[in-house]
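As structure tokens, the structure follows; a few thoughts come after it.
The sequence lines fix the lettering, A, B, ..., with proteins before strands; numbering per chain opens at 1.
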Amino acid sequence: MELCYRLGCFIFYLKQCSQRRSPAFMDKIITRFPPSPTGYLHIGGARTALFNWLFARHHGGKFILRIEDTDRVRSTDESIKAILDAMEWLDMGWDEGPHYQMQRLDVYREYIDRLVASGRAYYCDCSPEDLEKRRAAAMAAGLKPKYDGRCRDRGLGPGPNRVVRFRLPDSGATVLNDVIKGPIFFEHSELDDLVLQRSDGIPTYNFAVVVDDVTMGITHVIRGDDHVNNTPRQILIYEALGASLPQFGHVPMILGPDKTRLSKRHGAMSVMAYKDMGYLPEALINYLVRLGWSHGDQEIFTRAELIEHFSLANVGKSPSVFDPEKLLWLNAHYIKESSPETLAPLVESFVEDRAAFAAKPAPFLSKAIETLQPRSHTLVEMGAAIKFYLVEDVAYDPAAAKKFLTPEMREPFRRLIEMIGGLEMFNEENLERVFRQVVVEEMGLKLGKIAQPVRVALTGSTMSPGLFEIIDILGKDAVLKRLRRAMENF
RNA sequence: GGUCCCAUCGUCUAGUGGCCUAGGAUAUCGGCCUCUCACGCCGGAGACACGGGUUCGAACCCCGUUGGGACUACCA
């Protein structure tokens, strides 16, 4: 019995495959990203957008941005702006749109009329309260809380407080031939007559997406797998409309560390929050693309490599956990890879004293940033670390000052000031020679013995870039000044 | 509860019946480098959820169990 059913489904599946074999492969590929503007662009949405963007770019197709703003209560203009900003920051340009569903109401209405006229949809005047009661009653009776079809054959026309429902087949099954997950079968008996148009005349999600995807010529619907259960209903709507089906690809969800769907309580969710935390868009993109997709053992991808290699075939089926640590590693990687010149304007916004930063000449800034690149994981870290290069008087870390700015350093510092002051060629090489050959040998001190006190004098901290690079960048005057000031602490 | 999906190191993943005494990355631990902190380099530990099949042979195929997730609205 079960076998017969499976077999039936399989044959049906084969039939569907052959039905829509070619169009999608022959024609230009068109994908879309349809966020609903009820908040910022989050990590999960960004990855979905990225997959669609990459897929379109890989195939030389088109990527459409569509704003699904039919939820009038929750949609806001701020959200639209936030989403657009995030798309721009991630450098995912769209070829068409943004389309707004609220500006397409006449289109949906036209399709509704067609469906009602053909008998595939009908008006229903059941009130939400009544529906709720009936659902509760069904649950109590141990039945599925489905719409009971009360208005199906009442032949109601348009009117106030009336929704339009889709008439689903009573029997049979629909197969979703998912590009990522493979064939998935749904029995129609599990589905119910969903609302296509609300009583205020605005279409619901399931109807609007189908109409939009049909009219915009979408060939590949790549979205989160939280939509899998909606898909059979949507497929039925496509068929009722006489439209050909796109390819569906459902990408597994991104989970939080506790393995539940990623949400605010897991911390930063918004793409732009990562910008504010000093992340580079390249790092986020690279991290996101590897969440659920892979290309052998490769971890680091340029944008061009991503476009070249991206394929739905290599998207995994299982959900993945968001790991901030790996994102951080990638960010550090991209900070190291970037040129100091491109980093400079980005770092500026993370510096406490922007005026002091802006006052420094570009070459100085570049050299300073270069010394910070291998030791910064974020731009925030770099913005803080660059401070000692900019200030007039460094602030000493109390513990560091107490430990290293001691009276026994008086003589070494005096000699150092003397030697550095007399240097003809002020560069890293000569500086190191002063330290090593003169001070270390002459005074019998280990380099480490003198390095830390000098480091504290110059940076205020025991942790910093290499001593000689710092001295070189700071310049003779500033170095002498800081050394003398430190001696006041002895 | 019902429907659907998923299951390899802590995490992201490679793996599509023999190349697997399971590879890479991250995180972690140890060492090297060294003027500090990093970076970098070298090395260690660390996984096929479980039980049945199929097969000469299974991480890979089938069934079941367990575990996790999604959906179940006049939200999207």
Side-chain angles (χ1 to χ4, degrees), chain A residues 34-38 68-71 73-75 101 124 126-128 131-132 135 139 142-146 161-165 176 178 181-182 184-187 189-192 194-200 202-206 208-209 223-232 250 252-253 255 257 259-261 287 290-300 314 316-330 332 336 371-377 381 385 400 404 432 435-436 440 446-452 454-456 459 461-468 470:
Chain A
S36 61
T38 54
E68 308 216 324
D69 52 357
T70 54
D71 182 344
V73 186
R74 298 196 303 150
S75 297
Q101 290 188 322
C124 164
C126 297
S127 73
L131 251 18
E132 191 46 53
R135 259 196 293 268
M139 290 266 258
L143 300 168
K144 291 179 190 304
K146 301 198 306 180
N161 296 320
R162 286 183 186 177
V163 301
V164 176
R165 283 184 187 274
L176 157 59
D178 199 278
K181 294 178 182 279
I184 304 173
F185 301 91
F186 297 90
E187 292 212 63
S189 57
E190 294 295 336
L191 277 21
D192 68 354
L194 67 155
V195 172
L196 300 179
Q197 185 181 78
R198 297 188 278 235
S199 54
D200 59 5
I202 294 174
T204 57
Y205 162 74
N206 278 304
V209 251
R223 71 222 314 190
D225 73 3
D226 46 337
H227 287 290
V228 166
N229 288 304
N230 283 324
T231 310
H250 288 95
M253 305 265 82
L255 274 23
K259 307 272 181 99
T260 65
R261 189 183 178 146
Y287 178 73
R290 283 286 288 103
L291 217 47
W293 174 82
S294 62
H295 179 69
D297 285 338
Q298 191 170 348
E299 294 286 348
I300 309 287
N314 294 315
K317 293 181 178 187
S318 51
S320 33
V321 174
F322 183 79
D323 179 13
E325 291 291 339
K326 191 157 183 179
L327 207 206
L328 196 63
W329 168 72
L330 273 165
K336 276 180 292 223
T371 67
L372 266 17
Q373 280 177 275
R375 54 204 99 223
S376 304
H377 293 88
E381 283 180 20
F404 294 108
E432 184 153 1
F435 271 78
R436 285 189 191 283
V440 176
K446 289 247 187 201
L447 184 55
K449 184 74 179 167
I450 188 80
Q452 283 304 74
V454 172
R455 188 184 312 282
V456 174
T459 72
S461 160
T462 54
M463 299 169 291
S464 83
L467 205 51
F468 309 116
I470 295 176

Separation of B:rC4 atom P from A:Met253 atom CE, nearest Å, is 19 Å

Counting any heavy atom closer than 4.0 Å, what does A:Asp200 reach on the DNA or RNA strands: base, sugar-phosphate only, or nothing? nothing

Under 3.5 Å donor-acceptor, A:Glu187 side chain and A:Ser189 backbone: no

Nearest heavy atom decides the nucleotide; on that basis, is A:Trp329 or A:Lys181 closer to the 5' end of RNA chain B? A:Lys181

Is there a donor N/O on one and an acceptor N/O on the other, under 3.5 Å, for the side chain of A:Glu299 and the base of B:rG24? yes

If you look at every strand shown and take non-hydrogen atoms under 4.0 Å, does A:Phe468 touch a base, only sugar-phosphate, or nothing? base

Can you find a donor-acceptor N/O pair under 3.5 angstrom joining the side chain of A:Arg375 to the base of B:rC39? no

Counting heavy atoms from C-beta on, name the nucleotide in B:rC74, B:rA27, B:rU3 closest to the side chain of A:Arg135. B:rC74

With rounding to the nearest 0.5 angstrom, report the CZ to SG distance, A:Arg165 to A:Cys126. 6.5 Å

Side chain of A:Ser294: nearest nucleotide among B:rU11, B:rC35, B:rU13? B:rU13

Any base atoms under 4.0 Å from A:His227, or only sugar-phosphate, or nothing? Heavy atoms, all strands. base

In terms of side-chain heavy atoms of A:Glu325, which of B:rA27, B:rC74, B:rC35 is nearest? B:rA27

Classify A:Pro128 by what it touches in the nucleic acid, base, sugar-phosphate, or nothing, heavy-atom distance under 4.0 Å. base

Describe the nucleic acid contact of A:Val163 in one word from base, sugar-phosphate, nothing, applying a heavy-atom distance below 4.0 Å. base

So if I take every side-chain heavy atom of A:Arg74 and compare against B:rC6, B:rA76, B:rA70, which nucleotide ends up nearest? B:rA76

Counting the atoms with a prime plus P, OP1 and OP2 as sugar-phosphate, which does A:Pro257 contact under 4.0 Å by heavy atoms, base, sugar-phosphate, or nothing? nothing

Could you check which of B:rA76, B:rU26, B:rC35 has an atom nearest any side-chain atom of A:Gln452? B:rC35

Out of B:rU13, B:rA25, B:rC74, minimum distance to the side chain of A:Ser320 belongs to B:rU13

Using a heavy-atom cut-off of 4.0 Å across all strands, would you classify A:Leu467 as base, sugar-phosphate, or nothing? base

Quick test of your reading of the model: are A:Asp71 and A:Arg74 salt-bridged, counting only N-O distances below 4.0 Å? yes

Below 4.0 Å: OP1/OP2 of B:rA76 and any side-chain N or O of A:Thr70: yes

Side-chain atoms of A:Arg165 come closest, of B:rU26, B:rA70, B:rC74, to B:rC74

Hey, does A:Cys126 reach any base, or is it just sugar-phosphate, or nothing, if we go heavy atoms under 4.0 Å? base

Among B:rA25, B:rG24, B:rG2, the one nearest A:Arg290 by side-chain distance: B:rG24

Looking at every strand, decide which applies to A:Arg436 at a 4.0 Å heavy-atom threshold: base, sugar-phosphate, or nothing. sugar-phosphate

Answer with base, sugar-phosphate or nothing: what part of the nucleic acid does A:Ser461 contact at a heavy-atom distance below 4.0 Å? nothing

Under 4.0 Å from OP1 or OP2 of B:rG40: is there any side-chain N or O of A:Lys336 that close? yes

Closest approach to the side chain of A:Asp225, judged atom by atom: which nucleotide of B:rC4, B:rC5, B:rC74 is it? B:rC5

Report yes if a side-chain nitrogen or oxygen of A:Arg455 is closer than 4.0 Å to either non-bridging phosphate oxygen (OP1 or OP2) of B:rC37; otherwise report no. no

Partner nucleotide of B:rC4 by Watson-Crick or wobble geometry (both distances under 3.5 Å): B:rG69

Shortest side-chain distance from A:Asp323, nucleotide among B:rU11, B:rC4, B:rG2: B:rU11

Checking all strands, does A:Lys146 fall into the base, sugar-phosphate, or nothing category for heavy-atom contacts under 4.0 angstrom? nothing

Find the partner of B:rC41: check Watson-Crick (N1-N3 plus N6-O4 or O6-N4) and G-U wobble (N1-O2, O6-N3) distances, both under 3.5 Å, and reply none if neither fits. B:rG31

